[in-house]
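Worksheet for the structure shown next.
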Amino acid sequence: MIVGLCGGSGAGKTTIIEMVKEHFPGQVSVIDMDNYYISRDELPFEERRLMNYDIPESLDWEMMIRHIEILKRGESIEQPQFTFQTYERTEETVTTVPSPILIVDGIFSLYYEKLCSFYDLKVFVDVPSEVRLTRRMERNI
């Protein structure tokens, strides 16, 4: 089963993922869309820091779709790791193994039609913006 989990920053997507993992131990893999931001290593830090990452064009859709297809075939992937400390991908990756449940988590997980065609279930977490802002501030402080 492939689930597209969408909602704004601070909506509670990560909490939902942790609850699903707890309920289905060892049966859940996650594609974190944040790890698929295009790395702009060629730009100085200050320019990378000022870029808008909250637009669909900031993501490497091709790699993400290829990784989902590989997981669907029952093969593992090396999921990139993106950090907002430097606004680039790190050299390390995380091995993601195929599981009965794959969750694609991100603010744009329901945006791209090709990606949505993979989903057996689409979930949008709707939380008022004031609540999301408060959560994000508490998380980041």
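Please read these numbers as outputs of a predicted model, since none were measured by experiment.
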Residue list, side chain to side chain donor-acceptor pair (under 3.5 Å) with E78, at least two apart or on another chain:
T93, T95

Can you sort out the partners of E47 under side chain to side chain contact (heavy atoms under 4.5 Å, CB included), two or more places apart, ordered by chain and number?
L43, P44

Under the salt bridge (Lys or Arg N to Asp or Glu O under 4.0 Å) rule, what pairs show up with a residue in residues 81-104, not counting sequence neighbours?
R48-E88, D60-R89

Are the side chains of D54 and I107 in contact, using a 4.5 Å heavy-atom criterion?
yes

Taking it one step at a time, do M51 and R49 satisfy side chain to side chain contact (heavy atoms under 4.5 Å, CB included)?
CA-CA 6 Å; M51 291 184 67; R49 187 179 70 79; over 6 Å; no

Tell me every residue that passes side chain to side chain donor-acceptor pair (under 3.5 Å) with D41, counting only those two or more places apart in sequence or in another chain.
S39

Pair L59, I38 - check side chain to side chain contact (heavy atoms under 4.5 Å, CB included), show working.
CA-CA 5 Å; L59 291 161; I38 297 169; 5.8 Å; no

List the residues meeting side chain to side chain donor-acceptor pair (under 3.5 Å) with S99, not counting sequence neighbours, and say none if there are none.
S29

What's the separation between atom NZ in K122 and atom OH in Y119, rounded to the nearest 0.5 Å?
9.0 Å

Flag if over 12 foreign heavy atoms under 6.0 Å of CE, M19:
no

Would a single hydrophobic cluster contain both I2 and I101, if residues Ile, Leu, Val, Met, Phe, Trp and Tyr are joined by side-chain heavy-atom contacts under 4.5 Å?
no

Same hydrophobic cluster for F124 and F108, using side-chain heavy-atom links shorter than 4.5 Å among ILVMFWY?
yes

Inspect the surroundings of CD in E62 and state if more than 12 heavy atoms from other residues, nucleotides or ligands are less than 6.0 Å away.
no

Decide yes or no for L5 and V104: does some side-chain heavy atom of the first lie under 4.5 Å from some side-chain heavy atom of the second?
no

How about I31 and Q79: do any of their side-chain heavy atoms sit closer than 4.5 Å?
yes

Could you tell me whether the side chain of T15 reaches within less than 4.5 Å of the side chain of I17, counting heavy atoms only?
no

I need the minimum non-hydrogen distance between L115 and W61, along with the two atoms involved.
CD2-CZ3, 3.6 Å

Where at least one partner belongs to residues 19-38, residue pairs that pass salt bridge (Lys or Arg N to Asp or Glu O under 4.0 Å), sequence neighbours excluded
none

Quick check: is L121 connected to I103 through a chain of hydrophobic side chains (ILVMFWY, heavy atoms under 4.5 Å apart)?
yes

Check the hydrophobic clustering (I, L, V, M, F, W, Y; side-chain heavy atoms under 4.5 Å; chains of links allowed) and say if V123 and V28 are grouped together.
yes

Check: residues 65-75 side-chain donor-acceptor pairs under 3.5 Å, at least two apart:
unit_1 : atom_1 : unit_2 : atom_2 : d
H67    : ND1    : Y36    : OH     : 2.7
R73    : NE     : E75    : OE2    : 3.1

Checking F24 now: which residues fulfil ring-ring contact (aromatic ring centres under 6.0 Å, His included) with it, not counting sequence neighbours?
none

Could you pull out all residues at least two apart from Y37 that satisfy ring-ring contact (aromatic ring centres under 6.0 Å, His included)?
Y53, F82, F84

Please list all pairs passing the side chain to side chain donor-acceptor pair (under 3.5 Å) test where one or both residues lie in residues 106-118, with sequence neighbours left out.
none

Would R40 and Y87 count as a side chain to side chain contact (heavy atoms under 4.5 Å, CB included) here? Give the steps.
CA-CA 8 Å; R40 305 279 187 205; Y87 297 92; over 6 Å; no

Partners of I55 by side chain to side chain contact (heavy atoms under 4.5 Å, CB included), sequence neighbours excluded?
N52, E57, S58

Straight-line distance of I77 CD1 to T96 OG1, nearest 0.5 Å
4.5 Å

With sequence neighbours left out, write down each residue that passes side chain to side chain donor-acceptor pair (under 3.5 Å) with T83, or none if nothing qualifies.
Q85

When clusters are formed by joining ILVMFWY residues with side-chain heavy atoms under 4.5 Å apart, either directly or through shared neighbours, do V20 and M1 land in the same one?
yes

